[in-house]
Amino acid sequence: MVNETTRSDDDRPVILLVEDEALTIMDLGDVLEDGGYETVQCASAERALGILQARPDICGLITDVELSGKVNGFDLANAVSEARPTLPIVIVSGRAAPDPERIPAGARFISRPCTGEDILHQIQSLMPC
């Protein structure tokens with residue numbers, strides 16, 4: 001995991017991972033890092049938006065739908081899509097349905113239960129290289 005405000009010295013792509021369940025974020029972070037990515041992790045959409053403003057090197061977003069704070073993952077994904085339209089986005093949920101009107105164009109939705117590898121494959125399929 002890299003720092004929220006400073007760029008990594010590593011050449012690996014950086015993924016912003018937004019999840020408020022501690023075990024889930026740790027496990028998924030490990031899968032992403034084993035898959036060749038650096039991760040920046042946080043639990044709320046509000047914090048994620050601040051990180052994205054401070055970190056232009058972030059090249060992908062993975063978010064849960066239900067998050068700490070007032071903004072959910074669908075709203076986060078839409079805000080990020082407006083600010084950075086080419087950023088790959090994966091939305092994950094075990095409770096919410098994949099409502100096409102709430103998912104930004106180009107984003108992917110994956111339902112739980114799923115594995116970290118399933119999420120890794122979704123973000124990899126959206127990455128330009």
Side-chain angles (χ1 to χ4, degrees):
M1 183 172 79
V2 294
N3 186 287
E4 292 181 2
T5 57
T6 59
R7 188 175 170 93
S8 170
D9 291 335
D10 200 332
D11 287 337
R12 298 187 299 168
V14 181
I15 302 293
L16 177 57
L17 178 55
V18 189
E19 168 64 65
D20 63 351
E21 294 291 329
L23 290 176
T24 302
I25 199 168
M26 289 187 325
D27 289 345
L28 184 52
D30 288 346
V31 169
L32 292 169
E33 291 184 11
D34 289 346
Y37 297 95
E38 287 290 331
T39 63
V40 176
Q41 303 172 5
C42 67
S44 75
E46 294 87 353
R47 183 74 192 118
L49 291 170
I51 293 168
L52 279 165
Q53 289 179 345
R55 297 286 307 265
D57 62 321
I58 290 175
C59 62
L61 169 69
I62 298 171
T63 183
D64 189 21
V65 170
E66 294 184 17
L67 301 169
S68 299
K70 296 180 180 182
V71 179
N72 69 35
F74 287 125
D75 295 335
L76 170 61
N78 281 293
V80 169
S81 180
E82 285 182 25
R84 294 179 60 183
T86 61
L87 191 77
I89 299 171
V90 174
I91 304 166
V92 184
S93 181
R95 296 186 186 114
D99 180 354
E101 293 189 17
R102 298 180 72 191
I103 299 174
R108 299 269 174 86
F109 182 92
I110 187 166
S111 296
R112 285 193 174 112
C114 63
T115 67
E117 286 78 15
D118 294 333
I119 298 169
L120 172 64
H121 292 129
Q122 285 294 323
I123 197 70
Q124 287 174 327
S125 72
L126 292 172
M127 300 298 280
C129 55

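Heavy atoms only: backbone and side chains are in, while hydrogens, waters and symmetry mates are out.
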Give, for atom [atom1] of [X] and atom [atom2] of [Y], the distance between the pair rounded to the nearest 0.5 Å.
| X | Y | atom1 | atom2 | value |
| --- | --- | --- | --- | --- |
| Leu28 | Leu17 | CG | CG | 5.0 Å |
| Gln53 | Arg84 | CD | CZ | 10.5 Å |
| Leu32 | Arg12 | CG | CZ | 10.0 Å |

**Message:** Run Glu33 and Thr39 through side chain to side chain donor-acceptor pair (under 3.5 Å) and show every step you take.
**Reply:** CA-CA 7 Å; Glu33 291 184 11; Thr39 63; 2.8 Å; yes
Testing the basics here: between [X] and [Y], what is the closest heavy-atom pair and its distance to 0.1 Å?
| X | Y | value |
| --- | --- | --- |
| Leu67 | Ala43 | CB-O, 3.8 Å |
| Cys59 | Met127 | SG-CE, 3.4 Å |
| Glu19 | Arg112 | OE1-NH2, 3.2 Å |
| Ser93 | Asp64 | CA-OD1, 3.9 Å |
| Leu16 | Cys42 | CD1-SG, 4.3 Å |
| Val18 | Ala48 | CG2-CB, 3.6 Å |

With side chains defined as the heavy atoms from C-beta onward, is the minimum distance between [X] and [Y] less than 4.5 Å?
| X | Y | result |
| --- | --- | --- |
| Thr63 | Val80 | no |
| Ile123 | Pro88 | yes |
| Arg102 | Asn72 | yes |

**Request:** Please test Asp118 against Thr115 for side chain to side chain donor-acceptor pair (under 3.5 Å), starting from the C-alpha separation and ending with a verdict.
**Result:** CA-CA 5 Å; Asp118 294 333; Thr115 67; 3.2 Å; yes
**Asked** Would you say Leu49 and Leu87 are hydrophobically clustered, going by side-chain heavy atoms of ILVMFWY under 4.5 Å?
**Response** yes
